[in-house]
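What follows is one structure encoded as structure tokens, with my remarks underneath.
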Amino acid sequence: MLLLFKLLLALAAVPKTHGAIGYIRMLERRRLEQLAAAAPDKEGLINGYDFFTTSQSSDLPINKAPASRAMDGNKSGEYKKDESCSHTGAATNNWWKVDLHKPYFISSVRIHNRRDCCQDRLDGAEVFVGEKKCGTIVFESGKYAYDLDCGYVGDYVKVVQNNNELTLCEVQLHGLAMGSVI
């Protein structure tokens, strides 16, 4: 990740024009320098279980697996046994969202899948930081955690599954709060 910051710094150093645009590029360069100086080689796990707000498109009608279960610290993946997963109630057009309440630089997102059944339902789910897409989950049999590199700043993270139900057993965000840099 530090390499990415250094690349961005090099790009920001390329002079474009003078005047207002040149001034904006100088401010961008300063901001990138601050990020590079503050960012460790690997950003930390963002732990906001107590103050982040989670929501989802619908709840499962029977045992109501709320959105908060996807950020409760429990990665077991045993939906029925541990009640540790969120689960939407609709067959298609589902989403899960965590509101971070302020901008964060999200370097990566780790999604923990169910272990007790239905692992393929996560196939094709898309992960976003704000409006920017980090990637799409491609199901692999026997794999229970999926890592997606992001590198975006946003005040929310959203997982969208348009083709199936959405069950998330833990969502982990790696990065740092933007306020911690300045």
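When reading the values below, keep in mind they use all heavy atoms of this one structure, side chains included, and skip hydrogens, waters and symmetry mates.
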Please check: side-chain N/O of H101 versus main-chain N/O of F51, any donor-acceptor pairing under 3.5 Å? yes
Counting the benzene-type ring for Trp, do H87 and Y79 have ring centres under 6.0 Å apart? yes
Quick one: do F52 and V109 end up in the same hydrophobic cluster if we chain Ile, Leu, Val, Met, Phe, Trp and Tyr together by side-chain heavy atoms under 4.5 Å apart? yes
Check whether any side-chain heavy atom of E78 lies under 4.5 Å from a side-chain heavy atom of R115, and answer yes or no. yes
Restricting to non-hydrogen atoms, name the atom on T136 and the atom on E126 that form the minimum distance, rounded to 0.1 Å. OG1-CG, 3.7 Å
Should I111 and L122 count as side-chain neighbours, where that means a heavy-atom distance under 4.5 Å? yes
So CG of L173 and OG of S108: to nearest 0.5 Å the spacing works out to 8.5 Å
Measuring from atom NZ of K133 to atom SG of C150, what distance do you get when rounded to the nearest 0.5 angstrom? 12.0 Å
How far does NE2 of H174 sit from CG of D149, to the nearest 0.5 angstrom? 11.0 Å
Cluster overlap W95 with V129, hydrophobic side-chain contacts below 4.5 Å: no
Would a distance-only check, ignoring hydrogens and angles, find a side-chain to backbone donor-acceptor pair under 3.5 Å from D123 to F139? yes
Which is it for E140 and K143 under the salt bridge (Lys or Arg N to Asp or Glu O under 4.0 Å) test, yes or no, and what are the steps along the way? CA-CA 6 Å; E140 294 178 38; K143 186 173 184 177; 3.7 Å; yes
Please check: side-chain N/O of T54 versus main-chain N/O of S68, any donor-acceptor pairing under 3.5 Å? yes
Do I137 and Y152 sit in one hydrophobic cluster, given that two such residues count as connected whenever their side-chain heavy atoms are within less than 4.5 Å of each other, even indirectly? yes
Give a yes or no on whether the backbone of G73 and the side-chain of E170 come within a donor-acceptor separation of less than 3.5 Å. yes
Counterpart residues, side chain to side chain donor-acceptor pair (under 3.5 Å), relative to D116 (two or more places apart): R114
Find the distance between OG (S86) and CG (L168) and round it off to the nearest 0.5 Å. 4.0 Å
Under a 4.5 Å cut-off applied to non-hydrogen side-chain atoms, are H112 and Y144 in contact? no
Is it true that V138 and Y146 fall in one hydrophobic cluster, defined by side-chain heavy atoms closer than 4.5 Å? no
Regarding D147 and R110, does a basic nitrogen lie under 4.0 Å from an acidic carboxylate oxygen? yes
Calculate, to the nearest 0.5 Å, the distance between atoms OH and CE belonging to Y104 and M178 respectively. 11.5 Å
Specify the closest pair of heavy atoms between D59 and P66, including all atoms of both residues, with the distance to one decimal. OD1-CA, 3.9 Å
For the residue pair I106 and L100, establish whether any side-chain heavy-atom pair is separated by less than 4.5 Å. yes
Search all heavy atoms of S58 against all heavy atoms of G89 and return the closest pair with its distance. OG-N, 2.9 Å
If you measure from CG on N113 to NZ on K75, what distance do you get to the nearest 0.5 Å? 14.5 Å
If we ignore hydrogens and angles and just use 3.5 Å, is the side chain of N74 paired with the main-chain N or O of S76 as donor and acceptor? yes
In terms of hydrophobic clustering (I, L, V, M, F, W, Y; side-chain heavy atoms under 4.5 Å; direct or indirect links), are Y156 and W96 co-clustered? no
If every non-hydrogen atom of A125 is compared with every non-hydrogen atom of V159, which pair is closest and at what distance? CB-CG1, 4.1 Å
Quick check: do L166 and Q56 have side-chain heavy atoms less than 4.5 Å from each other? no
Is a salt bridge present between E83 and R69, judged by a nitrogen-to-oxygen distance below 4.0 Å? yes
Can you name the nearest heavy-atom pair linking L60 to T88, along with the distance? CD1-O, 3.8 Å
If only atom types and distance count, is the side chain of N94 paired as donor or acceptor with the main-chain N or O of N164 below 3.5 Å? yes
